[in-house]
Amino acid sequence: MKKLMKFTVADLRNIVRDPMQTMTAVAPLIIIVVIRIFLSVAREQVIQFFDYDIISDYPMIISFFSLLIPMMVGLVIGFIILDERDESMINYYAVTPLTKKGYLVFRMTVPIVFTFLVSVVFYLSLYDIYAVDLLKLLIVSSLLALQAPVFSFLMASFASNKVEGLAIGKLLGMMIVPPIANYFLVSNWSLLFFIVPQTWVSAIITGKNIGFLNLPMIVSLSLFIHVAIIIFCIKTFMKKVDGS
Amino acid sequence: MIDVSGLKFRYPGSDADVVKGIDFSVSRGEIFGFLGPSGAGKSTTQKILIKILSGYGGSIKVEGNELSSLDSGYFEKIGVAFEFPNLYSKFTAVENLNFFSSLYSAKCTDPQKLLEMLGLEKDGGTFVSAYSKGMKMRLNFLRAIMHNPEILFLDEPTSGLDPANARKMKDIIKMKKGEGKTIFLTTHDMHTAEELCDRVAFIVDGSISLIDSPRNLKIKKGKKAVKVEYVEENILKSDSFPLDDINENKRFQDILKTGSVETIHTMESTLEDIFIETTGRRLL
């Protein structure tokens with residue numbers, strides 16, 4: 001626990017000393033403010049111009065914005081891992097009592113814990129607009145938390161520098177398309193979207209194309225998808241580190 | 001302290017061994033030098049000894065225990081300074097030392113005291129990104145000794161250092177030896193090896209061709225003679241004389257009597273000469 005705290009403090013130090021990382025790190029908090037303003041303005045405008053009340057789409061819109069939280073947190077930690085990879089820090093950790101395995105555990109734990117906390121704050125801060133029940137909140141926040149290291153390790157695996165990291169981050173942003181498509185498409189083919197972890201979060205909130213599964217099945221399947229992707233990402237990353 | 005026998009290693013996907021069955025041992029309180037050109041297998045051997053590489057053949061015993069069976073407690077006992085310093089560039093030197101010391105259960109030396117050892121005391125608050133290569137190398141070395149490890153693995157420790165700081169670092173290495181620490185030095189700098197090492201091993205193409213103390217090597221392989229430079233009729237001349245009967249060598253005695261001697265040197269070989277003679281390769 002003491003080591004985790006030291007790691008967290010070190011990460012915060014790294015983040016505040018880099019303007020780009022600082023901006024990315026505070027983005028989840030900005031999202032909370034933006035969505036409140038966006039929903040109140042957008043609802044009035046859509047009613048005025050299209051005579052349609054988007055209040056029924058709030059769950060989809062809110063879940064869509066929540067998907068940005070692990071992306072932002074994941075990218076910030078991804079930048080740190082990228083620096084550590086370039087400086088061969090991982091080889092150094094491997095010869096300390098922390099070991100390489102311990103390093104990977106810390107690198108996963110920090111974004112998971114932080115994303116979970118921010119996701120809970122995010123949904124609770126919008127409780128007056130969309131009242132999510134406690135069980136859903138815990139499941140969704142846990143799944144969002146598991147998505148953060150996916151972004152971190154994918155970015156650190158495929159980017160050679162921070163500029164490439166940003167570009168890859170944008171590319172990974174495409175992962176929020178399947179949940180939106182799943183919301184609007186009613187077809188058996190939409191089940192394919194559930195290969196993408198983000199679709200689960202959105203579907204649990206909106207209930208779209210997921211009604212035929214009971215809660216234990218939803219939790220098991222979504223966890224399986226998330227964990228399988230995390231394992232793939234870590235293996236990809238380790239190949240990159242060992243091969244460099 | 002470290003006993004290696006029949007050590008072999010092959011990288012995954014490769015069809016040849018990089019390390020081809022080498023044997024050596026390092027005693028407690030000994031500075032053991034591993035000398036060889038790039039690609040000889042010395043870094044691979046060090047990586048195996050510090051457990052970065054696993055899946056070796058043969059046996060490596062550290063204090064009687066097989067290396068592969070040792071847990072993370074082994075890393076409390078070793079200190080490693082890689083050839084290329086790996087530090088957090090956005091941290092100051094003190095922040096780096098404080099952070100890394102938190103990874104060890106042993107009490108670490110106060111960062112300020114450490115920095116004073118290599119003349120970095122005024123730069124403790126400077127970001128590492130503003131450090132020169134030599135300063136980073138010094139900090140890299142200090143981090144390796146901060147937890148007072150029993151075994152030190154140093155890869156080209158004096159590379160990029162100015163003579164004054166290289167001197168200080170060598171003195172610290174000797175001090176650590178005096179404290180009974182075991183030091184495994186990987187280098188291709190024969191001057192550093194000659195000065196520091198109790199014994200050196202020459203490694204080429206994954207095999208050790210020779211292990212001995214630098215002094216023994218120089219005496220065994222060198223020419224037992226002295227070379228004298230002297231001035232005769234305003235011309236600088238030189239001559240060499242065998243050591244065996246030098247007290248009876250009339251010509252040598254005559255030159256000494258003239259008082260025109262400029263220099264006298266024994267003609268032992270340098271480590272580099274011996275390396276080339278033994279292995280047919282240069283230390284590059």
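Just the heavy atoms: all of them, side chains too, but no hydrogens, waters or symmetry mates, feed the values below. Residue numbers start from 1 in every chain, and the chains themselves are labelled A, B, ... in the order their sequence lines are given, proteins ahead of strands. Bear in mind that the values here come from a model prediction, so they are computed numbers and not experimental data.
When B:Glu76, B:Lys51, B:Lys47, B:His147 are compared by the number of non-hydrogen pairs under 4.5 Å with chain A, B:Glu76 comes out ahead. Taking B:Phe153, B:Phe84, B:Phe100, B:Tyr11 one by one and counting their heavy-atom pairs under 4.5 Å with chain A, the maximum is reached by B:Phe100. With chain A as the partner, the residue from B:Asp71, B:Ile78, B:Leu87 showing the most heavy-atom pairs under 4.5 Å is B:Leu87. Of all the listed residues (A:Val9, A:Leu98, A:Asn14), the one sharing the greatest number of non-hydrogen pairs under 4.5 Å with chain B is A:Asn14.
Annotation: side chain of B:Tyr88 is not in contact with side chain of A:Glu87 (no heavy-atom distance under 4.5 Å). Within the 4.5 Å cutoff, the side chain of A:Val95 has heavy atoms near those of the B:Phe82 side chain. Within the 4.5 Å cutoff, the side chain of B:Phe75 has no heavy atoms near those of the A:Tyr93 side chain.
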Should A:Asp83 and B:Lys90 be marked as a side chain to side chain contact (heavy atoms under 4.5 Å, CB included) after you check the CA-CA gap, both sets of side-chain angles, and the distance that decides it? CA-CA 10 Å; A:Asp83 276 345; B:Lys90 285 179 208 157; 3.4 Å; yes

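For the atom pair CG (B:Asn86) and CG (A:Asn91), the distance works out to 7.5 Å, reported to the nearest 0.5 Å. Put simply, CG on B:Asn140 and OH on A:Tyr92 are 7.5 Å apart, with the number rounded to the nearest 0.5 Å. The OG atom of B:Ser89 sits 10.0 Å away from the CG atom of A:Asp86 when rounded to the nearest 0.5 Å.
Enclosure of atom NZ in A:Lys170 is not indicated, since only 12 or fewer non-hydrogen atoms of other residues, nucleotides or ligands lie within 6.0 angstrom. Annotation for A:Phe232: atom CZ does not count as buried by contact number, only 12 or fewer foreign heavy atoms lying within 6.0 Å. Around the NZ atom of B:Lys8, the shell of radius 6.0 Å holds no more than 12 heavy atoms that belong to other residues, nucleotides or ligands. More than 12 non-hydrogen atoms from other residues, nucleotides or ligands lie less than 6.0 angstrom from CE of B:Met175. Within a 6.0 Å radius of NZ in B:Lys170, more than 12 heavy atoms belonging to other residues, nucleotides or ligands are found. By the 6.0 Å contact criterion, NZ on B:Lys174 is enclosed, its count of non-hydrogen atoms from other residues, nucleotides or ligands being greater than 12. Heavy-atom contacts from other residues, nucleotides or ligands closer than 6.0 Å to NZ of A:Lys6 number 12 or fewer.
Both the backbone and the side chain of B:Phe91 come within contact range of chain A, with heavy atoms under 4.5 Å apart. For B:Tyr74, no part lies under 4.5 angstrom from a heavy atom of chain A. With a threshold of 4.5 angstrom between heavy atoms, A:Thr99 approaches chain B through side-chain atoms but not through N, CA, C or O.
The stretch residues 102-126 of chain B places B:Ser102, B:Leu103, B:Tyr104 near chain A, each with some heavy atom under 4.5 Å from a heavy atom of that chain.
Nearest heavy-atom pair across A:Pro97 and B:Ser72 is O-CB, 3.8 Å.
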